[in-house]
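Read through the structure below, which is laid out as structure tokens, and then see the notes.
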Amino acid sequence: MSSRGKYKTRQRELVALCLEQYAGTYMTVDRVVATIEASGEKVGRTTAYRALESMVSEGAALKACVPGGETSYRLSNGSAAGQLVCLDCGLATTLDCKTAEGFAHHVLDHHGFEVDLARTVFYGRCGNCRESADGR
């Protein structure tokens with residue numbers, strides 16, 4: 001990564017502050033931009049996207065790619081052991097669970113593959129969507 005991506009610009013600070021303000025919530029780039037603009041500040045969509053991607057590469061943010069939807073970001077708490085993404089509604093939540101660590105150890109021990117749990121995403125259906133499907 002070039003040193004250019006590591007500058008602490010006002011816009012990058014605004015993006016980081018936005019994620020901090022909504023810690024624990026996944027936000028799209030457009031939602032980040034709208035939230036910043038609602039506070040009276042300005043940031044371009046491309047600038048916000050680059051700041052978010054930079055934060056992901058530095059481990060400061062998590063990224064969830066929702067099939068058929070927009071990519072979402074949230075502040076990393078440093079201990080996330082994966083993410084859960086609902087294929088129906090797009091809900092993305094972190095998976096902070098010792099079982100995920102056990103799974104990663106199994107994969108390494110038995111398959112020789114080291115899993116990056118901070119970037120691991122499990123796709124499935126959330127409880128609300130499963131209940132809705134069962135009620136049909």
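In what follows, residues are counted from 1 in the order of the sequence shown. Being a predicted model, the structure only gives us computed values, none of them experimental.
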Please table the atom pairs, donor to acceptor, closer than 3.5 Å between any side-chain atom in residues 39-48 and protein atoms at least two apart or in another chain.
{"from": "Ser39", "atom 1": "OG", "to": "Ile36", "atom 2": "O", "distance (Å)": "2.6"}
{"from": "Glu41", "atom 1": "OE2", "to": "Arg10", "atom 2": "NH2", "distance (Å)": "3.1"}
{"from": "Arg45", "atom 1": "NE", "to": "Asp30", "atom 2": "OD1", "distance (Å)": "2.6"}

Side chain to side chain donor-acceptor pair (under 3.5 Å) partners of residues 60-72, not counting sequence neighbours, each pair once: Glu53-Lys63

His111: side-chain hydrogen bond (donor to acceptor under 3.5 Å, both in side chains) partners, not counting sequence neighbours: His106

Which residues share a salt bridge (charged side-chain N to carboxylate O under 4.0 Å, His left out) with Asp116, sequence neighbours left out: Arg119

Sequence-distant partners of His105, ring pair (Phe, Tyr, Trp, His ring centres under 6.0 Å), two or more places apart: none

Pairs touching residues 102-112 that satisfy salt bridge (charged side-chain N to carboxylate O under 4.0 Å, His left out), sequence neighbours left out: none

Shortest non-hydrogen separation from Leu19 to Leu75 and the atoms involved: O-CB, 4.0 Å

Residues in side chain to side chain contact (heavy atoms under 4.5 Å, CB included) contact with Ala64, at least two apart in sequence or another chain: Tyr26, Gln83, Val85, Ala92

By side chain to side chain contact (heavy atoms under 4.5 Å, CB included) - contacts of Val115 (at least two apart): Ala104, Val107, Phe113, Leu117, Thr120

With sequence neighbours excluded, residues passing side chain to side chain contact (heavy atoms under 4.5 Å, CB included) with Leu87: Pro67, Tyr123, Arg125

Inter- and intrachain pairs under salt bridge (charged side-chain N to carboxylate O under 4.0 Å, His left out), touching residues 14-28, at least two apart: none

Lys/Arg cation over aromatic Tyr73: Arg31, 6.0 Å, 45° cone: no

Chi angles and distances behind the side-chain hydrogen bond (donor to acceptor under 3.5 Å, both in side chains) call for Arg74, Thr25: CA-CA 6 Å; Arg74 73 169 286 228; Thr25 302; over 6 Å; no

Results of side chain to side chain contact (heavy atoms under 4.5 Å, CB included) for Cys89 - residues two or more places apart only: Cys86, Leu91, Cys126, Cys129

Hydrophobic cluster partners of Leu108 (side-chain heavy atoms under 4.5 Å): none

